[in-house]
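Chain letters run A, B, ... following the sequence lines, proteins first, then strands; residues in each count from 1.
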There are 2 protein chains.
Amino acid sequence: MSSVNIIVKPEAETPRPPPRERILAAATELFYRQGIRAVGVEAIAEAAGTNKMTLYRHFASKDELVAECLRGFARHVEAAWSALAEAVPDPKARLRIWVREVSNRVTDPGDRGCALVNAAVEIPEKDHPARRVVEAFKSAQRDRLVGLCRQAGARDPAALADELFLLIEGARVCAQSMGPKGPCCQLVRLGETVLQSHGA
Amino acid sequence: MSSVNIIVKPEAETPRPPPRERILAAATELFYRQGIRAVGVEAIAEAAGTNKMTLYRHFASKDELVAECLRGFARHVEAAWSALAEAVPDPKARLRIWVREVSNRVTDPGDRGCALVNAAVEIPEKDHPARRVVEAFKSAQRDRLVGLCRQAGARDPAALADELFLLIEGARVCAQSMGPKGPCCQLVRLGETVLQSHGA
DNA sequence: CAGCTGTGGTACCGATCGGTAACAAGGCAA
DNA sequence: TTGCCTTGTTACCGATCGGTACCACAGCTG
C-alpha cells in the first residue's frame, strides 16, 4: 500500500497550494462565516492544514492577516466587476444586471453580507489595518460606480451612484437582520425606479 | 477631612442606581462602542463601578447580558417611536420627520449604526439569545412602519415600508464603512422621492 | 555529498477569557 | 439586637487567546 503511494505519482490531482494561499483561503472563509474576533489563529492554521508557526512566518500578526484577507476579497470583487464590464458592454444593461446579481446573492440564505462592511462593523478602531482596506475599497467602488452611471447617461452620475449604494448596502444588511424574505426583496424594483428617475 | 465626609450628608446628589441598572448601562455603552466580542465582563463590571461577582448574580451569562442589553435598547427605541407619534400626529409629517432624524443621527461621526444590526453582524450563531431579540425587534419595527405608511395613505403600505427600510439601513451601514460624507447623505432626498411615488 | 530554505510539530509564554467559591461588610426589617 | 439579604473583595478555576522558541525533516541547489 505504501509502495503504491510512493511509486504511482498522482499527476492528475492538483498539487495543494503553498501554505500562504491555504491560510488566506481558510482565514477568509472562517472570518466571513463566524466573524473575525470569533476565530482564533489556531483554528485558521488547522483549517489550512498547517500550524500556527507557519502562519506567523507569512503574516506578521492576526490583524495583518485580516487585512490581507480583505485585500484579497477586494481584488476578487474588482475582478468580477471587470469581467462583467467585458461581458456586458452596454452600461445601462450592466447596471441592471449588477443590481440583479446582488439581489440574487442576498436571497441566498447562506449569504452573510459584504465581508468588508462586516469587518468595519466588527472593528471600530480607526487605526486597524483592516479599516484602511475597507475605506480604500469602498472609495474605489464608489468611483467605479460613478463612472458607470456616467457612461449610462445619468443626469447626475454621482447622485445616482450614491443612491444605488444606499439601496444595495441596505438590502445586504437587511438580509442579515431581517432574513432573505424581508425588505431586501424590494431591491430590484426600487433600483429600477431610481435608475429610470435618473435617465439611466 | 474625613470627619467632614462623615458628618455632611450629601442629600442633594442623586443616589446611584442599583447595580443591575449600572451594569446594563455600562455594558450597553461598551458593546456599542467597541463591539460585543471585544468587551470582557471584567471591563463591564469595572465600568459599572462593581465587580464580576455581582454581575453574575444578576445575569446568568455574558450572552444573557448581551440579550438583555439589546432588549433594553429595543425598549428605548420603541419609547422614542411612541413619543414621536404623540408629538407629531400627522402620519405623513411623522414619516418625514423620522427619516430626517435618522439622517441627522447618521451624520454624527460618533454614531456606530444600529446596535441590533451590529449585533446581528457580529453574532452569526442562529441560536444565540441575542439573535432572537434582533429578529423580534426588527419584525415589530417593520409592522409599526407598515401601519404608519398605511395611515399616511400609501397605496402599497408594505412595499413603501420595506423600501424605506432599505434606505435607512443602507444609510446607517454606509455611514459606518464610507463615512458620514458618503452615500448616506442621499437619504433624505431619496426618501422623499420614495414617499411621493407611493402617494404618502 | 553538504548546505540552505521552507515546512511541520510540539511545547511553551504571559495575558485574558467567561465563570465560580468563599468570606467580610453593609442595609434593613423584625 | 438579631438575622437576613445584597453587595463588595479577593482569589481562583480551566480554557483559550495571540505569539514564539526550538527542533526535525523534506526538497532543492551547489
Side-chain angles (χ1 to χ4, degrees), chain A residues 2-3 5-7 9-11 13 15-28 30-31 34-70 119 122-123 125 127-130, chain B residues 2 5-7 9-11 13-28 30-31 34-70 119 122-123 125 127-130:
Chain A
S2 61
S3 63
N5 281 338
I6 290 175
I7 294 175
K9 197 165 73 179
E11 49 192 327
E13 84 180 18
R16 72 191 316 207
R20 184 185 155 90
E21 295 181 25
R22 284 169 9 224
I23 292 168
L24 274 175
T28 302
L30 285 175
F31 287 153
Q34 307 182 23
I36 294 174
R37 293 204 124 100
V39 177
V41 287
E42 186 95 54
I44 295 170
E46 188 179 1
T50 176
N51 51 29
K52 244 194 313 186
M53 205 48 242
T54 301
L55 190 154
Y56 278 104
R57 289 194 190 102
H58 290 280
F59 304 95
S61 64
K62 181 187 175 181
D63 287 349
E64 273 305 323
L65 172 60
V66 171
E68 193 59 37
C69 285
L70 296 184
E122 201 170 356
I123 303 175
E125 301 96 316
D127 57 340
H128 193 290
Chain B
S2 61
N5 281 339
I6 291 175
I7 294 177
K9 197 165 73 180
E11 50 190 325
E13 83 180 16
T14 310
R16 72 192 317 207
R20 183 186 156 90
E21 294 180 25
R22 293 184 342 240
I23 292 168
L24 274 174
T28 302
L30 286 174
F31 287 153
Q34 308 181 23
I36 294 175
R37 292 206 128 99
V39 177
V41 288
E42 187 95 54
I44 295 170
E46 189 179 1
T50 177
N51 51 34
K52 242 195 314 187
M53 204 50 241
T54 301
L55 189 154
Y56 277 104
R57 289 193 188 104
H58 290 278
F59 304 95
S61 64
K62 181 187 176 182
D63 286 350
E64 274 304 324
L65 172 59
V66 172
E68 193 58 37
C69 285
L70 296 183
E122 201 171 357
I123 304 174
E125 301 95 317
D127 57 341
H128 193 289

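Among pairs with a residue in residues 60-70 of chain B, those fulfilling salt bridge (Lys or Arg N to Asp or Glu O under 4.0 Å) read B:Arg20-B:Glu68, B:Glu64-B:Arg71, B:Glu68-B:Arg71, B:Glu68-B:Arg75, at least two apart in sequence or across chains.
Applying the side chain to side chain contact (heavy atoms under 4.5 Å, CB included) criterion to B:Pro17, with sequence neighbours excluded, gives B:Glu21, B:Arg22. Here B:Glu125 pairs with B:Arg37 under the salt bridge (charged side-chain N to carboxylate O under 4.0 Å, His left out) rule; sequence neighbours left out. Partners of A:Glu42 according to the salt bridge (charged side-chain N to carboxylate O under 4.0 Å, His left out) rule, which considers only residues two or more places apart in sequence or in another chain, are A:Lys52. With sequence neighbours excluded, the residues forming a side chain to side chain contact (heavy atoms under 4.5 Å, CB included) with B:Ala26 are B:Ala47, B:Ala48, listed by chain and number.
With rounding to whole Å, A:Asn51 atom CG is found 16 Å from D:dG19 atom P. Atom CE of A:Met53 is separated from atom C1' of D:dC25 by 16 Å (rounded to the nearest Å).
Taking CZ of B:Arg57 as the start and OG1 of B:Thr50 as the end, the distance is 8.0 Å to the nearest 0.5 Å. Considering CD1 of B:Ile44 and CD1 of B:Ile23, their distance stands at 9.0 Å, rounded to 0.5 Å.
Using a 4.0 Å heavy-atom criterion, one finds that B:Arg20 contacts no nucleic acid atom at all. Note on B:Arg22: only backbone sugar-phosphate atoms sit closer than 4.0 angstrom, heavy atoms only; bases stay farther off.
Between chain B and DNA chain C, the heavy-atom contact criterion of under 4.0 Å yields a 5' to 3' nucleotide range of C:dG18 to C:dA22.
For the pair B:Pro18 and B:Glu42, both in contact range of DNA chain D, the more 5′-proximal nearest nucleotide belongs to B:Pro18.
Using a 4.5 Å heavy-atom threshold, the side chains of B:Phe59 and B:Leu24 count as touching.
Within residues 54-68 of chain A, the residues approaching DNA chain C are A:Thr54, A:Arg57, A:His58, by heavy-atom distance under 4.0 Å.
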